[in-house]
Amino acid sequence: MKFQLIQQCGHARRGRLTFARGTVETPAFMPVGTYGTVKAMKPEEVRGTGAQILLGNTFHLMLRPGEQAVRELGGLHRFMHWDGPILTDSGGFQVWSLSGLRKITEEGVKFASPVNGDRILLTPERSIEVQHALGADIVMQFDECTPYPATEQQARKSMELSARWAARCKTAHEALVPETRGGASARGLGPQPQARGGQGLPLAVLESPSALFGIVQGGMYEGLRRESLQRLTETGFDGYALGGLSVGESEDERLHVLDAIGHGLPPDRPHYLMGVGTPRDLVQAVARGIDMFDCVMPTRNARNGHLFTHAGVVRIRNSAHKTDGRPLDERCDCYTCRNYSRAYLHHLDKCKEILGAQLNTLHNLHYYQNVMQRIRAAVEGGDYAAFVADFLGSPEGGQASPAVPA
RNA sequence: GUGGCCGUAGCUCAGUCGGUAGAGUCCCAGAUUGUGAUUCUGGUUGUCGCGGGUUCGAGCCCCGUCGGCCACC
């Protein structure tokens with residue numbers, strides 16, 4: 001992986017990530033495909049929304065179907081028929097989300113499998129091994145996603161554990177990527193994403209050493225965040241992520257952490273804000289130096305009839321849309337908005353029809369990519385601050401502004 | 001004609017020993033941030049078929065009546 005900084009506007013950055021499998025324009029949003037699928041979408045549809053990279057999950061794929069099965073079937077890319085880059089989460093988020101089913105020790109985390117109750121041990125080494133077996137283009141360090149709220153003492157303990165695990169992940173990763181790393185990674189492969197046939201995939205895996213990202217923890221404490229970053233940069237990573245956010249804290253707290261740490265991240269590496277967020281979160285985080293995002297919000301909310309539009313949030317389930325013949329978002333040119341009425345989407349949602357989830361997800365992903373496109377254009381335009389002010393003042397940037405039909 | 005069973009929320013039904021009614025669904029609204037999500041949370045809705053009686057008090061007990069279903073003549 002290669003990261004190229006194209007333009008900067010304040011702390012906002014316009015960049016490009018180059019992988020053997022393709023290029024990612026940043027700031028970028030990565031749809032979440034936990035189980036090797038972006039729920040309700042075919043990969044071609046996801047690609048059609050403008051997405052250039054997906055997120056997959058170590059924990060879930062390790063349990064089912066198992067990383068060896070995926071490896072034998074040609075790696076995650078071929079398995080799920082997505083030929084672009086994939087970032088895999090390490091399982092660190094499940095340390096938080098499955099908190100009732102696990103026990104943390106220095107060695108790693110013991111989980112009770114949510115699939116069948118089996119006891120499994122996930123260590124930094126094991127997580128890296130699994131991510132390599134899956135064929136990830138970006139491998140995330142195994143971390144503990146610090147719960148919220150946490151006392152400074154708890155956050156410190158958690159951050160220090162994540163930092164030690166980060167170093168172990170680096171060692172494990174390097175053992176699996178013997179070749180020269182960094183600039184040589186994209187050697188001779190160019191940025192063509194179209195390996196359509198798929199025959200070339202195993203080869204591509206071999207010739208594409210994956211990147212390893214470290215994760216900054218430290219809860220809501222500025223000092224701990226800085227210390228975490230310091231430790232990570234001493235170890236050295238291909239990219240730096242901010243973890244432990246969007247776990248229940250307020251927007252103010254989130255922005256406070258970003259203000260404290262965002263622009264202090266190594267400038268020559270990509271900056272990834274994990275698990276965030278709402279459209280206004282994205283816009284604001286870019287202003288603080290973030291290049292990459294992932295979030296389940298557009299996909300999960302779509303399945304629940306919570307749709308993002310240029311005019312703000314539309315809860316398509318609400319009876320107000322029952323007889324509304326207008327498109328969901330008049331300023332959107334996605335397949336859903338071009339061909340269907342709000343009344344029809346409302347109908348599908350009420351009937352719990354599968355197509356409703358599909359059309360809604362397609363739109364939300366399209367909208368998110370559209371926001372990213374506008375963000376990138378705004379950075380290129382040279383007045384990102386104006387864009388932020390404009391966006392936050394508009395219905396789509398509002399805290400919670402349901403678009404009530406006239 | 002005789003006997004039995006059943007009438008409770010828009011729908012399907014529960015309701016103990018008599019203490020002025022609940023569930024699911026539907027409907028209305030909300031939540032969702034590195035997916036344990038086709039998920040979760042909250043809310044509205046009653047002539048307890050109708051009329052009498054007993055009782056301090058009846059969805060429940062008694063009488064009558066209307067409607068539906070079943071069995072037998």
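Residue numbering restarts at 1 for every chain, and letters A, B, ... go by the order of the sequence lines. Computed from a prediction, not measured in an experiment: that's the story for all the values here.
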>> Please convert RNA chain B into dot-bracket. A pair counts if it is Watson-Crick or G-U wobble with both distances under 3.5 Å; crossing pairs go in [ ] and bases paired with another strand get |.
In response: (((((((..((((.....[..)))).(((((.......))))).....(((((..]....)))))))))))).
>> Give the residues of residues 154-167 of chain A touching RNA chain B, defined as any heavy atom closer than 4.0 Å, sorted by residue number.
In response: none
> B:U32 base to A:R300 side chain: any donor-acceptor pair below 3.5 Å?
Replying inline: no
>> So for A:S97 and B:U35, does any side-chain atom that can act as donor or acceptor lie under 3.5 Å from a complementary atom in the base?
In response: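 Answer is no: no donor-acceptor pair is held.
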> Which residues satisfy the side chain to side chain contact (heavy atoms under 4.5 Å, CB included) test with A:D268, sequence neighbours excluded?
Replying inline: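 Result, side chain to side chain contact (heavy atoms under 4.5 Å, CB included) vs A:D268: A:P266.
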> Who passes side chain to side chain contact (heavy atoms under 4.5 Å, CB included) against A:K322, sequence neighbours left out?
Replying inline: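 Only A:H346 meet the side chain to side chain contact (heavy atoms under 4.5 Å, CB included) criterion with A:K322.
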Identify all side-chain donor-acceptor contacts of residues 32-44 of chain A below 3.5 Å with residues at least two apart in sequence or on another chain.
from  : atom 1 : to    : atom 2 : distance (Å)
A:Y35 : OH     : A:H60 : ND1    : 3.4
A:E44 : OE2    : A:H81 : NE2    : 2.9

Base, sugar-phosphate alone, or nothing: which one does [X] contact when heavy atoms must sit under 4.0 Å apart?
X	value
A:L98	base
A:E249	nothing
A:H306	base
A:S319	sugar-phosphate

>> Looking at every heavy atom in both A:V371 and A:V283, which two are closest together, and how far apart are they?
In response: CG1-CG2, 4.3 Å
> What is the minimum heavy-atom distance between A:G15 and A:F3, and which atoms define it?
Replying inline: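 A:G15 and A:F3 have their closest heavy atoms at CA-CE1, 4.2 Å.
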Detail all sub-3.5 Å separations between protein N/O atoms and N/O atoms belonging to nucleotides 39-41 of chain B.
from  : atom 1 : to     : atom 2 : distance (Å)
B:U39 : N3     : A:N304 : OD1    : 3.4
B:U39 : O4     : A:N304 : OD1    : 2.5

Taking [M] as the reference, what is the distance to [N] when you measure between their [atom1] atoms (whole Å, please)?
N	M	atom1	result
B:C62	B:G19	P	15 Å
B:C61	B:G46	P	25 Å
B:G22	B:G59	C1'	12 Å
B:U16	B:C6	P	13 Å
B:C60	B:G53	P	14 Å
B:C5	B:G42	P	40 Å

> Between CD of A:Q131 and CD of A:Q141, what distance do you get to the nearest 0.5 Å?
Replying inline: 10.0 Å
With a 4.0 Å cut-off, would you call [X] and [Y] a salt bridge?
X	Y	answer
A:D83	A:R78	no
A:E396	A:R280	no
A:D333	A:R338	no
A:R226	A:E222	yes

